[in-house]
Number of protein chains: 2
Amino acid sequence: MSLQLITGQSTNFAVEKPTLSSLFRRQPIERLAPGFAVFWEGDEARNIFEVVEGMLRVYRILNDGRRVILGFVRPGDLLGVSLKGHYLYTVEAITPVELRRLPKHHFESLSEREPHLKEQLFSKLCDEMAAAQDQMVLFSRRSAEEKLAGFLLLMARGHVRNRRMLIDLPMTRLDIADYLGMTIETVSRTITKLSGCGVIATVERRAIALMNMDALIALAGGELEDSSFRQAYDRRHAMA
Amino acid sequence: MSLQLITGQSTNFAVEKPTLSSLFRRQPIERLAPGFAVFWEGDEARNIFEVVEGMLRVYRILNDGRRVILGFVRPGDLLGVSLKGHYLYTVEAITPVELRRLPKHHFESLSEREPHLKEQLFSKLCDEMAAAQDQMVLFSRRSAEEKLAGFLLLMARGHVRNRRMLIDLPMTRLDIADYLGMTIETVSRTITKLSGCGVIATVERRAIALMNMDALIALAGGELEDSSFRQAYDRRHAMA
DNA sequence: CGCTGATTTGACAAGGTTCAAGCGAAGTGG
DNA sequence: CCACTTCGCTTGAACCTTGTCAAATCAGCG
């Protein structure tokens with residue numbers, strides 16, 4: 001009787017199929033100070049990570065010393081999801097970060113018995129893939145204004161419904177520049193310009209207020225980067 | 001006795017676990033003329049395709065009418081690998097194309113019994129992911145020269161070992177431009193420029209000879225885009 | 001041969017990079 | 001507590017690449 005009560009109360013310990021997130025929830029939280037790396041490009045890929053708190057940058061260093069930022073990672077995102085033997089990029093904390101580590105072999109042996117775990121990972125990878133393609137679209141924007149507007153909308157995530165909102169930009173201008181493929185000067189100038197138009201307002205160094213969401217979306221080319229919105233898209237060219 | 005002989009000879013019909021490619025090989029070949037689409041962005045994603053022959057372009061049309069080419073697809077590549085309910089892009093034949101179609105539900109019911117099929121698809125998706133990231137790096141190159149050099153190396157695939165080689169470019173200049181995020185004029189000018197340096201030579205409209213592979217690699221930033229090469233990369237920054 | 005569509009080439013302007021300097025906030029050490 | 005340094009960010013000016021517009025050239029095809 002009493003045992004039933006307990007299991008009834010704390011559903012976390014109910015005997016259910018383990019989900020990906022329940023697997024992670026069993027792992028202890030690890031903390032990382034800004035500037036420190038979770039792993040380096042080329043490291044043997046032994047773990048998968050789930051970000052619990054904070055923001056990180058994913059990047060590669062090219063031969064000529066240039067740094068290309070492939071993306072920013074936030075709570076809920078997974079890191080190191082790949083069958084490759086080595087990590088394909090470096091991941092570094094921007095803010096103080098909390099994450100959980102899951103050894104790959106651990107996941108693999110478990111997913112032998114629980115195929116739906118693979119399913120979930122697969123689904124995550126598909127999301128990541130879609131996000132990567134969205135980013136390629138973002139990159140292909142020509143002007144600095146379009147790129148930055150797109151970037152800000154990306155950082156606003158799904159909250160585009162609100163006409164006004166405040167977004168955190170914990171990364172430096174250099175991070176943004178290396179992400180969008182421009183220079184810090186152009187990033188800075190463009191932010192100044194958008195502030196001048198009243199589209200955005202710089203609240204603090206690392207926070208920006210989106211003052212006129214419609215204008216921002218229009219500047220970004222009218223396209224919502226968030227692929228969840230594109231689902232409802234009508235096929236304009238089906239008859240072309 | 002005779003039965004054993006037969007199964008011994010034609011290993012294709014041996015009672016083995018079906019692989020992804022053996023699954024596809026059972027499907028009839030479908031042909032597609034240049035300019036025709038395999039599927040459209042937004043279509044319900046009912047099938048997975050394997051390209052057998054030819055080249056296709058993968059693209060999205062933005063609100064403002066601009067076309068962004070996300071990639072080119074060649075024999076051996078899969079199309080429509082995703083758990084999304086709808087295709088995220090349009091795929092169109094550039095050359096005459098041969099492909100095989102596999103209904104998604106068919107694959108799914110099969111992979112229930114044969115988990116390693118999912119494994120293979122997962123692996124493919126990982127490859128695609130890595131390729132997408134390579135492309136983001138390619139995009140982030142600044143000058144038109146770097147981008148085009150990188151693009152040519154990408155089209156040369158793994159054949160970078162040869163000091164000289166001939167590559168097909170069945171796509172138009174506009175395709176290349178929409179892929180690299182530049183204009184046809186710049187693409188054309190850059191090709192002319194590289195020809196002038198003796199790095200490449202335009203054999204035909206749709207074929208280019210790579211005359212000096214080392215110079216081309218240097219122009220592309222010294223980085224080999226093909227991720228299979230990067231595997232062997234040493235970690236320069238592990239001690240930073 | 002004359003059409004059409006793709007490609008190349010030229011001239012010019014716009015926008016972004018580069019180089020250089022100034023600003024402002026945070027942290028350090030006297 | 002106040003110089004002093006540092007780092008990230010902004011701003012300015014000159015230069016250069018690329019986009020734009022326009023025209024010429026080329027290739028394929030009826």
Side-chain angles (χ1 to χ4, degrees), chain A residues 33-35 55 57 64-69 92 94-96 139-152 168-197 200-208 219 221, chain B residues 33-35 57 62 64-69 92 94-96 139-152 168-197 200-208 219 221:
Chain A
M55 184 175 281
R57 61 185 151 241
D64 58 7
R66 244 178 343 194
R67 184 186 65 161
V68 179
I69 292 201
E92 217 172 76
I94 294 176
T95 65
F139 262 39
S140 77
R141 310 284 192 175
R142 304 216 158 127
S143 75
E145 235 171 58
E146 279 182 316
K147 282 187 190 176
L148 197 73
F151 170 71
L152 291 176
D168 269 347
L169 292 183
M171 69 288 287
T172 69
R173 300 284 187 262
L174 186 59
D175 287 334
I176 301 175
D178 285 350
Y179 179 66
L180 296 176
M182 21 196 243
T183 60
I184 33 173
E185 289 95 332
T186 306
V187 171
S188 180
R189 269 186 259 270
T190 310
I191 289 178
T192 308
K193 195 169 162 190
L194 292 185
S195 300
C197 306
I200 64 173
T202 57
V203 180
E204 284 180 315
R205 266 279 170 72
R206 301 294 171 83
I208 279 187
L219 275 176
Chain B
R57 60 185 152 241
L62 305 190
D64 57 8
R66 242 176 349 192
R67 185 185 66 163
V68 179
I69 292 199
E92 217 172 75
I94 294 176
T95 66
F139 261 38
S140 77
R141 310 286 192 175
R142 297 203 167 145
S143 75
E145 234 171 58
E146 280 183 315
K147 281 188 190 174
L148 197 73
F151 171 70
L152 292 176
D168 270 347
L169 291 183
M171 68 290 286
T172 68
R173 299 284 187 260
L174 186 59
D175 287 334
I176 301 175
D178 285 351
Y179 179 66
L180 296 176
M182 21 196 244
T183 61
I184 32 172
E185 290 95 330
T186 306
V187 171
S188 179
R189 267 186 263 269
T190 311
I191 290 179
T192 308
K193 194 169 163 191
L194 292 185
S195 301
C197 306
I200 64 174
T202 57
V203 180
E204 284 178 318
R205 264 281 168 69
R206 302 294 170 83
I208 279 187
L219 275 176

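Lettering follows sequence order; numbering is per chain, from 1. The model shown is predicted, which means the values in this text are computed figures rather than measured ones.
- If you measure from atom CG of A:L169 to atom P of D:dC9, you get 10 Å, rounded to the nearest angstrom.
- Whole-Å rounding puts the B:R205 CZ to D:dC29 P distance at 12 Å.
- Between atom CD1 of residue B:I200 and atom CG of residue B:L219 there is a gap of 10.0 Å, rounded to the nearest 0.5 Å.
- Considering only side-chain N and O atoms, A:S143 lies nowhere under 4.0 angstrom from the phosphate OP1 or OP2 of C:dG16.
- Taking OG1 of B:T172 as the start and CZ of B:R57 as the end, the distance is 6.5 Å to the nearest 0.5 Å.
- Electrostatic pairing of B:R67 and B:E92 does not count as a salt bridge here, judged by no charged N lying under 4.0 Å from a carboxylate O.
- Nucleotide D:dG19 holds its P atom 12 Å from the CG atom of B:D178, rounded to whole Å.
- Proximity note for A:A144 (side chain, C-beta onward) versus D:dT20, C:dT7, C:dG16: the nearest is C:dG16.
- A:L174 places its CG atom 16 Å from the C1' atom of D:dT6, with the value rounded to the nearest Å.
- Within the structure, every side-chain polar atom (N or O) of A:R189 is placed at least 4.0 Å from both OP1 and OP2 of C:dG16.
- Between A:T183 and C:dT17, a side-chain N or O to OP1/OP2 separation shorter than 4.0 Å is present.
- Looking at heavy-atom distances under 4.0 Å, A:S188 makes contact with a base.
- Nearest to the side-chain atoms of A:T186 among the listed nucleotides D:dC21, C:dG16, C:dT18 stands C:dG16.
- Distance CG/B:L180 to CZ/B:F151: 6.0 Å, rounded to 0.5 Å.
- Note: CD1 (B:I176) to P (C:dA6) measures 14 Å, nearest angstrom.
- Between the side chain of B:S140 and the main chain of A:G181, no donor-acceptor pair closer than 3.5 Å is present.
- Look at CZ on A:R66: it is 12 Å from C1' on C:dT17, rounded to the nearest Å.
- In terms of position along DNA chain C, the nucleotide closest to A:E145 lies nearer the 5' end than the nucleotide closest to the other residue of the pair A:E185 and A:E145.
- Listed nucleotides: D:dT20, C:dT18, C:dT7. Nearest to the side chain of A:R142: D:dT20.
- Note on B:R206: a side-chain N or O is less than 4.0 Å away from OP1 or OP2 of C:dT7.
- Whole-Å rounding puts the B:I184 CD1 to D:dT18 C1' distance at 14 Å.
- As a whole-Å value, the separation of A:R173 CZ from D:dT11 C1' is 14 Å.
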